[in-house]
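Positions are given from 1, in the same order as the sequence printed here.
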Amino acid sequence: MTQFDLTDEQREIQELARRFTADRITPFAAEWDEKHIFPRDTIREAAELGFAAIYVSEESGGIALGRLEAALIMEAMAYGCPSTSAFISIHNMASWMIDRFGDGDVKSRYLPDLVTMERMASYCLTEPGSGSDAAALKTRAVRDGDHYVVSGSKQFISGGGENEVYVTMVRTGEDGPKGISCLVIDKDTPGVSFGANERKLGWHSQPTRQVMFDNVRVPVANRLGAEGEGFRIAMMGLDGGRLNIGACSLGGAQRCLDESVAYVKDRRQFGKAIAEFQNTQFTLADMATELEAARALLYLAAAKVTDNAPDKTRFAAMAKRLATDTGSSVVDRALQLHGGYGYLMDYPIERFWRDLRVHSILEGTNQVMRMIVGRDLLKD
């Protein structure tokens, strides 16, 4: 990234994602939401552009881009459907973990199909009793020869029941973060089962289920990294995931800002377009200004994560917190500008309002983001 601007290559990537979104996502997103359709074919079309392996190495079949380029892609696709864009982000995170921390064997067995999305991957960290306190997870993996025997459950798993691959954090040792390891578990392994599809406020275009493990035998060869490295792997994955979910908020909010600008020019009250009222102009100005500020911080944080800067985790947390809070605030004001029409499903605003609300919860709640930033500022 050149200072304060995108490179020509980054703009080309952004434009490619925008064209794909305009053609293959935006026209269909409302139906996916209303009918709870999981657009598997469309997602696989995104994979044909390399969007399923954005920061997977070229040696493993990916396109080996940086985190800023990934954010540009997620932001562009979220302009059409934040739910679908976020699903693709999660798959990317899981695929990157296998590429980054897996040995040659596990990479050769999984990545060819993940890169094309012939198989899709979920990230399994959260449990019914451990959300923000992720290091307290209880799903246990006991070594038995050349296998681990896994028992426990994971909660709120995007792609649960549909995806074929589950990158799962399990406890192999002591309590706390040092006792956690990371295993790749196949959907069809005996003992793997799934709960009912969750009935959610938003994110209707992707399934969310509990994933349960009942004495599931997983080869030791499916472990990513060494025993005890799982929590570190999970947190490194979340740096990128937080950027992507922040980018999804930016894309959704930008769509709602653009919809609002068009709407207020057309809608008339008291004999003139409501765009002519100073209150409307001030509201739009604040929405645009806050959105650009959040975008600038997110792009900066993405560059830091790509460069492995010492303060990358703090900046990723700051950017995620600001982008998701700002995104929700912008969409809420967009709904208000639309008045009663904004509350109707005939307009896209209410869908974005619902979809963006969860972004301040997942990939670490925004309260946890504040904890991360505060502790980093106060450390010796």
* To do: Determine, stepwise, if the pair T365 / V368 fulfils side-chain contact (heavy atoms from CB on, under 4.5 Å).
  => CA-CA 5 Å; T365 67; V368 169; 3.3 Å; yes

* To do: For side-chain contact (heavy atoms from CB on, under 4.5 Å), just list the numbers for M345 and E350, CA-CA rounded to whole Å, side-chain angles, deciding distance to a tenth of an Å, and then say yes or no.
  => CA-CA 6 Å; M345 293 180 69; E350 62 84 31; 3.4 Å; yes

* With salt bridge (Lys or Arg N to Asp or Glu O under 4.0 Å) as the test, would you mind laying out the steps for E259 and R255 before giving the verdict? => CA-CA 6 Å; E259 294 281 348; R255 169 71 177 281; 2.9 Å; yes

* Please lay out, stage by stage, how V358 and W203 fare under the test side-chain contact (heavy atoms from CB on, under 4.5 Å). => CA-CA 8 Å; V358 75; W203 275 28; 3.6 Å; yes

* Go through R357 and L201 one step at a time and tell me if the side-chain contact (heavy atoms from CB on, under 4.5 Å) criterion holds. => CA-CA 9 Å; R357 180 60 183 88; L201 174 70; 4.3 Å; yes

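L6 and M74 fall into different hydrophobic clusters, where Ile, Leu, Val, Met, Phe, Trp and Tyr side chains are chained together by heavy-atom contacts under 4.5 Å. Under the 4.5 Å side-chain heavy-atom criterion for grouping Ile, Leu, Val, Met, Phe, Trp and Tyr, L137 is connected to V167 within one hydrophobic cluster. When hydrophobic clusters are built by joining Ile, Leu, Val, Met, Phe, Trp and Tyr residues whose side-chain heavy atoms come closer than 4.5 Å, directly or via intermediates, I88 is grouped together with F20. With hydrophobic clusters built from ILVMFWY side chains whose heavy atoms lie under 4.5 angstrom apart, L183 shares a cluster with F213. Hydrophobic clustering (side-chain heavy atoms under 4.5 Å, transitive across Ile, Leu, Val, Met, Phe, Trp, Tyr) keeps I245 apart from V305.
Judged by distance alone, the side chain of T116 and the main-chain N or O of E118 form a donor-acceptor pair under 3.5 Å. Put simply, the side chain of T306 never gets that close to the backbone of G66: no donor and acceptor are under 3.5 Å apart. Between the side chain of R40 and the backbone N or O of E162, at least one donor-acceptor pair lies under 3.5 Å. Of the possible polar contacts, one joining the E164 side chain to the M120 backbone as a donor-acceptor pair under 3.5 Å is found. When atom types are taken as modelled, the side chain of S328 and the backbone of T326 share no donor-acceptor pair closer than 3.5 angstrom. H36 contributes no side-chain N or O that, together with a main-chain N or O of W32, makes up a donor-acceptor pair within less than 3.5 Å.
Of the inter-residue distances, the one linking E227 atom CD with R143 atom CZ reads 6.5 Å to the nearest 0.5 angstrom. For the atom pair OG1 of T313 and CG of D239, the computed distance is 3.5 Å after rounding to the nearest 0.5 Å.
The cationic atom of K187 (NZ for Lys, CZ for Arg) does not lie both less than 6.0 Å from the six-membered ring centre of Y166 and within 45° of the ring axis. At least one test fails for R209 against the ring of F194: distance under 6.0 Å to the centre or angle within 45° of the axis. Y55 carries R67 over the face of its six-membered ring, with the cationic atom under 6.0 Å from the centre and within 45° of the normal.
Shown are K320, H359, Q254; of these, the side-chain hydrogen bond (donor to acceptor under 3.5 Å, both in side chains) with S249 is made only by H359. Tested against T208 for a side-chain hydrogen bond (donor to acceptor under 3.5 Å, both in side chains), the candidates E198, Q155, K200, R199 yield a single pass: K200.
Aromatic ring orientation, Y341 versus Y263: tilted (interplanar angle from 30° to 60°).
For the pair Y123 and L125, the minimum side-chain heavy-atom distance is below 4.5 Å. Between R242 and I372 there is a side-chain heavy-atom pair separated by less than 4.5 Å. At least one side-chain heavy atom of P39 sits under 4.5 Å from a side-chain heavy atom of S205. Looking at heavy atoms from C-beta onward, Y299 lies in side-chain contact with E75 at the 4.5 angstrom threshold. Contact check for V170 versus Y148: no side-chain heavy atoms found under the 4.5 Å cut-off.
Counting non-hydrogen atoms of other residues, nucleotides and ligands closer than 6.0 Å to CG of D346 gives a total above 12.
Using modelled atom types, one finds no donor on one side chain facing an acceptor on the other under 3.5 Å when comparing D355 with S83. Side-chain contact annotation: E127 with S153, donor-acceptor N/O pair under 3.5 Å absent.
The side-chain hydrogen bond (donor to acceptor under 3.5 Å, both in side chains) check on Y347 picks up nothing, with sequence neighbours excluded.
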